[in-house]
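Just below is one structure, and these are the notes that go with it.
Naming convention: chains lettered A, B, ... in sequence-line order (proteins, then strands); numbering from 1 in each chain.
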Number of protein chains: 2
Amino acid sequence: MDPGAELGRELSTAVVMFHEAVGAHLGVTAGDQRALGVLARHGAMSAGALAKEVGLTPGAVTGMVDRLTRAGLVRRDVDPADRRRVLLTVADGAGASAEIFGSLATEMTAMISRYTTEEREVIADYLTRTVEILRDQTRRISARQR
Amino acid sequence: MDPGAELGRELSTAVVMFHEAVGAHLGVTAGDQRALGVLARHGAMSAGALAKEVGLTPGAVTGMVDRLTRAGLVRRDVDPADRRRVLLTVADGAGASAEIFGSLATEMTAMISRYTTEEREVIADYLTRTVEILRDQTRRISARQR
DNA sequence: CGTTTTACTTCACCATACTAAACTATCCAG
DNA sequence: CTGGATAGTTTAGTATGGTGAAGTAAAACG
């Protein structure tokens with residue numbers, strides 16, 4: 001097998017396994033983590049908006065947010081402007097998640113700092129293109145669905 | 001946020017979402033895909049050995065292999081040397097999975113071919129180190145588990 | 001050979017996360 | 001105000017993937 005492809009697959013496996021371990025450790029599901037990602041990108045949003053975004057019913061989101069808040073990953077506040085609504089924000093707190101991701105970030109930063117500026121540019125370029133391809137392929141697969 | 005970290009998170013999300021889409025498309029779970037990864041790395045192995053490797057009971061592996069064979073990802077053969085045993089191998093066949101991963105591989109190969117040899121070495125080095133860190137961190141988290 | 005062990009499958013049961021729908025609280029329109 | 005719409009939670013039911021143990025077939029042992 002092409003050594004590049006092999007590396008890519010290993011990275012992919014490593015990423016997925018890391019995510020699984022984090023999920024198991026914090027007591028959140030893969031879907032919960034996806035919702036967290038949506039929330040991180042989008043910023044504060046209501047429970048209903050999140051439900052629409054992740055394609056689940058409001059009821060499911062209640063359970064999801066329960067788990068995420070229990071894990072200390074998300075804050076759930078009543079919207080002062082409309083007290084029926086629940087505003088969700090990614091908790092910037094300490095806690096288990098900060099410990100986990102902080103440690104990863106430290107390692108990654110240290111590793112990256114050993115490259116020259118030019119090398120870092122190459123790496124960033126590669127990552128950007130890879131993300132693009134992955135998103136593209138994900139769309140393609142999802143479109144083929146049934 | 002550090003642009004490098006941001007890119008890393010995006011890649012991670014893209015990888016996970018790609019995996020989820022593949023799983024949904026082929027009708028296999030995340031666990032199934034992990035087992036497939038084990039099988040790919042290890043080569044042919046018996047159902048019992050796979051069960052031990054992924055930490056599930058033999059009964060669960062039966063169902064898992066059912067799904068994987070149904071998706072055309074794995075072959076299930078009786079071991080001619082010991083006919084109680086079931087030999088599992090990654091199916092190198094055509095089918096939906098080949099179409100999916102083939103397309104991804106084509107895109108990635110084309111993208112990588114645009115870099116010089118030196119650049120490719122930098123990228124490979126980066127990927128290798130990243131995988132190492134991820135595996136390390138995964139171990140760390142799993143160890144912390146109660 | 002007959003008994004015991006081994007390898008996988010099958011079965012009954014359990015946990016979990018989902019949906020649909022009833023319920024509660026709040027907002028808005030007349 | 002009052003009636004209806006909206007936001008989220010709660011609840012009853014469903015699907016799925018897991019465990020543990022019984023069942024089936026093949027190998028190994030004495």
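- In this structure, the CZ atom of Arg34(B) is 10 Å from the P atom of dG18(D), given to the nearest Å.
- Nearest-nucleotide positions on DNA chain C for Val86(B) and Gly31(A) put Val86(B) closer to the 5' end.
- In this structure, CD of Gln33(B) is placed 13 Å from P of dG17(D), rounded to the nearest angstrom.
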Check against side chain to side chain donor-acceptor pair (under 3.5 Å), Thr128(A) and Asp125(A): CA-CA 5 Å; Thr128(A) 304; Asp125(A) 186 73; 5.9 Å; no
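- Here the P atom of nucleotide dA7(D) and the CG atom of Leu50(A) are 14 Å apart, to the nearest Å.
- Within the 4.5 Å cutoff, the side chain of Leu88(B) has no heavy atoms near those of the Thr69(B) side chain.
- For the pair Glu107(B) and Arg129(A), the salt-bridge criterion is not met [side-chain N within less than 4.0 Å of a carboxylate O].
- If you take CG of Leu87(A) and C1' of dT9(D), they are 16 Å apart, rounded to a whole angstrom.
- Here dT9(D) presents its P atom at 7 Å from CG of Asp66(A), a figure rounded to the nearest Å.
- For the pair Arg75(A) and Asp77(A), the salt-bridge criterion is met [side-chain N within less than 4.0 Å of a carboxylate O].
- Within the 4.0 angstrom heavy-atom criterion, base atoms lie near Gly59(A).
- Comparing Val61(A) and Thr57(B) along DNA chain D, the residue whose closest nucleotide (by nearest heavy atom) sits nearer the 5' end is Val61(A).
- Checking dT9(C), dA5(D), dT9(D) against every side-chain atom of Arg84(A), the shortest atom distance belongs to dA5(D).
- For Ala60(A), the side-chain atoms get nearest to dT19(C) when compared with the rest of dT19(C), dA17(C), dG17(D).
- Distance from the side chain of Pro58(B) is smallest for dT9(C) among the nucleotides dC18(C), dG17(D), dT9(C).
- Here the rule is side chain to side chain contact (heavy atoms under 4.5 Å, CB included) with Arg76(B), and of Asp66(B), Leu68(B), Thr89(B) only Asp66(B) fits it.
- Going from atom CZ of Arg67(A) over to atom C1' of dT16(C) covers 8 Å, rounded to whole Å.
- Under 4.0 angstrom from either OP1 or OP2 of dA7(D) there lies no side-chain N or O belonging to Arg83(A).
- Between Leu56(A) and Asp79(A), the residue anchored closer to the 5' end of DNA chain C is Leu56(A), taking for each the nucleotide with the nearest heavy atom.
- To the nearest angstrom, C1' of dT6(C) lies 11 Å from NZ of Lys52(B).
- Rounded to whole Å, atom P of dT10(D) lies 16 Å from atom CE of Met64(A).
- Counting only heavy atoms from C-beta on, Arg85(A) has its side chain closest to dA7(D) among dT9(D), dA7(D), dT9(C).
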